[in-house]
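See structure below.
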Amino acid sequence: MGYEHRDIERKWREEWRKRGTYRVANDTSKPKYYVLDMFPYPSGAGLHVGHPLGYIASDIVARYKRNKGFNVLHPMGYDSFGLPAEQYAIQTGQHPAKTTEVNIARYREQLDNIGFSFDWDREVRTSNADFYKWTQWIFLQLFDSWYDHAEDKARPISELTERFAKHGWSGDDACAITGNEELDPLAEFSHSDWATFSEKHQQQILLRFRLAYLSEAWVNWCPALGTVLANDEVKDGVSERGGHPVERKRMPQWSMRITAYAQRLLDGLNDLDWSESIKEAQRNWIGRSEGALIRFQLKDHQEKIEVFTTRPDTIFGVSFVTLAPEHELIERITPPEKLEEVRAYVTQAKNRSERERMTEVKRVSGVFTGAYVKHPFTHMDIPVWVGDYVLGGYGTGAVMAVPGGDQRDWNFATHFNIPFTAVTEHWDISKGADESKEATLANSVFLNGMKVADAIPRAIDELELHGVGERRINFRLRDAAFGRQRYWGEPIPIYYKDGIPYPLPESELPLVLPEVDKFLPTEDGEPPLARATDWTYLGHPLETTTMPGWAGSSWYFLRYMDPKSDERFATPEAINYWQQVDLYVGGSEHATGHLLYFRFWTKFLHDRGWINFDEPAKKLVNQGMIQGRSAKVFALLVGLEQTSSSPSPQAEAESALLSAPILVSAEFQELLVKGTEQSAKALKGIEEAAQQHAARVFESKGISGYQLYAFDDPRTVLRRVYIPISAMVEDGAVVDLEKLRGTSSEFDNALFFRGGEHFMAEREVDKMSKRWMNVVNPDDIVAKYGADTLRLYEMFLGPLEQSKPWDTNGIEGTSRFLKKFWNLFHEEGRGGRGSDGGEGRFSVSDEAPTKAELKVLHATLKKVEEDIEKMSFNTSVSQFMIACNALQELKCNKRAVLEPLTIALAPFAPHIAEELWSLLGHAESVTGAKWPQWDAQYLVEDSFSYPISFNGKTRLQLEFPIGLSKEEVEAQVLANPEVQSRLEGKPPKKVIVVPKRIVNIVV
RNA sequence: GCCCGGGUGGUGAAAUGGUAUACACGAGGGACUUAAAAUCCCUUGGUCCGUAAGGGCCGUGCGGGUUCAAGUCCCGCCCCGGGCACCA
């Protein structure tokens, strides 16, 4: 039998499914290994060749670990709630569950084609009620918790109630944190006050402490769409979709108090085996900064303005204070005569999205409020400004501006001519701010002559002494918005009584998504769930927002441990056994979203005693992106000129021309750059052809009275048009016109103008996406070359973490390798050893292998094992090729060599390995085979061929036995006639002998 | 601007401070074949000398340095990719 990948792969796919080959054993006596892929969102587009990259890598590790004797958990599931399915539902009326179902079926088929060893018995879907029951349950636990900074963990809310009943709340208890203090700070109360508070009042207070809480939060609200928009969905104050006005306003929003965990999320990173770039991204996102909180007393008012600064040492350089446009005090402190001007500025500044305010660094804007504060040490008057370079959401929403020490403050001061002084020695403030941390302070009273590093603690000490400020650690991280005005997500298990949110009892879970007539917000702007006919609990209205996409993905790894459990999200036995994910593989785009929430929920569940570890994944690997190569042709857009007094309607003529465009080959892309002789010449040629083309088109459609503009008219433009990459000849720039004509009628009718033999397109590396028409489907590759070839090829392409454009240029190499490997097991003949995949008969010999053969085998086993451990799969594939070539050379068909090699190849190319394994006479799957251990004794060399170099440049090779001492090697090298002739009789300055490496002679 | 990667043949890429370019693609040549496909063999960084065998010089983005020896380590730049960003 020749190597027929189609038959073999089909056979084993069915066989694995039938036998349940990859089902996880319930044998907890074996050591465990948990390999997890970030689960996909099943979009309608299906998989492209970029998706399986990470799955193949993790599959290799999972299979390898099985052979190594581990009980391996390698599951797959779907993140099946999400916005695209809902938008499709809005357009078509089809229920998102239905859409999701169809998409999942397609994903499953595609995944199966590639031969992954997932345990499908453990498949999860976040949109299944028996899964989201537990997402809701975890939400209730979060709702039922507060964070105790003294013990540094989350605790049940009942313990907080007890504490209030005993001690009340003293405002500065460092043991709990609150939200939205700037709107309405929580006043202190005694234990007897607490007893007199109404139920409603008590609940309102508790809500300040819950880890899942409802509060007034700033959002981009779009009344026309009835929804909150993300920063990047807002452009210039209007929605990107539809261009409706968007306003920044405060709305009741569910949030997660992830900020309580900021320090732990930061500290935890140190012990994780994650890539440095992801860890760094998370550190930046959490953004810890140490500094001081300083209070500035307002003149003529009771209030103080609080600012956060990392440079309290520059306190004597404060020349003004800037408030964010959102700042609560602005209205109150602005004198009446200034109010109109300030309000106008605030309205305008507030409605620019945060993204815009952050992007347009250069545009300085602001307004003087007319108010003043007192300097805490000098008691001088300091003006208070409003500026949009200060963000409402960071720190206290106010800064002390030190133009001498901060460039942004310097820009602001310079723009508005606010006077200021230098705060550091030898600095020319007319050029900019001195932000150096090495500087020495000046003009700063008790800080004069001190270095920045020493001045900071000294300044804070003084502030504390005077009671005007204190040491403060600030985080950039903000609480996470948790409510969405959408249908296709987990319902939030909350009902409202007297306007207060109460948790649904656990027995009511799952709270199943209701049926609605439309998946749109109601007419009065309520979320879609408000359309349900009876969305209540015991007569109380239920929460109508749903959870965001990241809810389910924040804990799904736990469900795989015990996916069918009814009593718990996973039973303690399962959790105890499987513990953390040993290897998590996924894209780096989740660095600050999913991967942070994932860690947050894990830490929370740990705090409340549900799991006994507080990081979800020990090791994380990011696969690189497989980019596509898009193809573009150039369309010449020429206007129409009337040639008769009674022409056909112009719209008809225009549309006729649009359906038969004029396309020019890529070498003409400079065509419309006027003035060059070539372009003028080419233009003439094209113009002639185009006029004839247009005339033909018009004639065939019965349109009269038009011709094209002259081409040198400035209104003529060349525009890039994406074409499907399926219309390209191989990976080059040549367009297969026949194929392109087949893809759509406009190409069928188009005029293709080319300069040479071929019509050329412009190729570019882009993200692989439907939009650029450059998606390469794994199914096509599998059909042509087989799954094993695809798997090997994707691994062979280069290091896993590196992004690279997809091209099939090298795929023949891996395909050839598999054929050669197959032929090692088959007799010579029409298709046997050293031949193609024709008729050779299976034949392996039981003879004892030679030393050379064993050396090839063990060198390969060693290299492959080491490479899998460090996830360097491209080099392990090379090693297999080297081994295969060597064995072919040695004409080796010995079982003792081929059998271990088959086991080692199985993780990479499971189908062919399984077939060969069965041909070798094994009834069981190769999955259960014991990984062959390499043995150093077969790798021992008797001699080593030393490169002999002179001053580091290799000149010749000399072979010496391994056992020879350094001195003997040196003596023999120097005795060598060729070495002697190179030395020209002069004695060498120095001779370096590195055993089994090199000899270097210095002359 | 800051942080993290990276820069090596025509291409994808290898290389614990120790023979730079493994492996593969492509290209060129050859064998088998009526032919093609498939398969196998040889050549393939640049350049110079030589009829040849062979040999010289230059070569890992650029400029320095450390070292017997640097793609690899150090300093200073340039470029590409990714992330973050008026963060006080």
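Below, chain A is the first sequence line, B the second, and so on; all start at residue 1. Fair warning: this is a prediction, and the values are worked out from it, not measured in the lab.
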Pick base, sugar-phosphate or nothing for [X], based on heavy-atom distances below 4.0 Å to the nucleic acid.
X: A/V994; value: base
X: A/N885; value: sugar-phosphate
X: A/N874; value: sugar-phosphate
X: A/R311; value: sugar-phosphate
X: A/I992; value: base
X: A/S878; value: base
X: A/K820; value: sugar-phosphate
X: A/Q802; value: sugar-phosphate

Side chain of [X]: nearest nucleotide among [options]?
X: A/V399; options: B/C23, B/A14, B/A88; answer: B/A88
X: A/I882; options: B/C23, B/C40, B/C68; answer: B/C23
X: A/T954; options: B/U19, B/C68, B/C87; answer: B/U19
X: A/R408; options: B/A88, B/C41, B/U19; answer: B/A88

Given atom [atom1] of [X] and atom [atom2] of [N], what is their separation to the nearest angstrom?
X: A/R478; N: B/C84; atom1: CZ; atom2: P; value: 14 Å
X: A/W274; N: B/C3; atom1: CH2; atom2: C1'; value: 18 Å
X: A/N951; N: B/A69; atom1: CG; atom2: C1'; value: 10 Å
X: A/Q888; N: B/U39; atom1: CD; atom2: C1'; value: 9 Å
X: A/E280; N: B/C3; atom1: CD; atom2: P; value: 9 Å
X: A/Y946; N: B/C68; atom1: OH; atom2: P; value: 20 Å
X: A/I948; N: B/G18; atom1: CD1; atom2: C1'; value: 12 Å
X: A/L887; N: B/C40; atom1: CG; atom2: P; value: 14 Å

What orientation do A/Y946 and A/F960 show, parallel under 30°, tilted 30 to 60°, or perpendicular over 60°?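 Tilted.
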Measure up the A/W410 and A/F420 rings against each other and bin them: parallel (under 30°), tilted (30 to 60°), perpendicular (over 60°).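 Rings of A/W410 and A/F420: perpendicular, over 60°.
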Does [N] have a Watson-Crick or wobble partner in any strand here, with both distances under 3.5 angstrom, and which is it?
N: B/A15; result: none
N: B/U66; result: none
N: B/C40; result: B/G30
N: B/G1; result: B/C84
N: B/G9; result: none

Are any of A/K804's side-chain N or O atoms less than 4.0 Å away from OP1 or OP2 of B/G12? no
Any A/Y345 side-chain heavy atom under 4.5 Å of A/S365 side chain: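 Yes. Closest side-chain heavy atoms under 4.5 Å.
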pair A/E280-A/N284: side-chain heavy atoms closer than 4.5 Å: yes
Within 45° of the axis and under 6.0 Å from the centre of the six-membered ring of A/W274, does NZ or CZ of A/K279 qualify?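 Verdict for A/W274: no cation-pi partner in A/K279.
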Distances for protein N/O vs nucleotides 25-27 of chain B N/O pairs under 3.5 angstrom?
from	atom 1	to	atom 2	distance (Å)
B/C25	OP1	A/R816	NH1	2.5
B/C25	O2'	A/N809	O	2.5

Hey, do the aromatic rings of A/F817 and A/W822 have their centres closer than 6.0 Å?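 For A/F817 and A/W822, the ring centres are not under 6.0 Å apart.
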Could you check B/G9 for me: syn (within 90° of 0) or anti? syn
Scan nucleotides 55-64 of chain B against the protein and return all N/O pairs shorter than 3.5 Å with their distances rounded to 0.1 Å.
from	atom 1	to	atom 2	distance (Å)
B/C58	OP2	A/K953	NZ	3.2

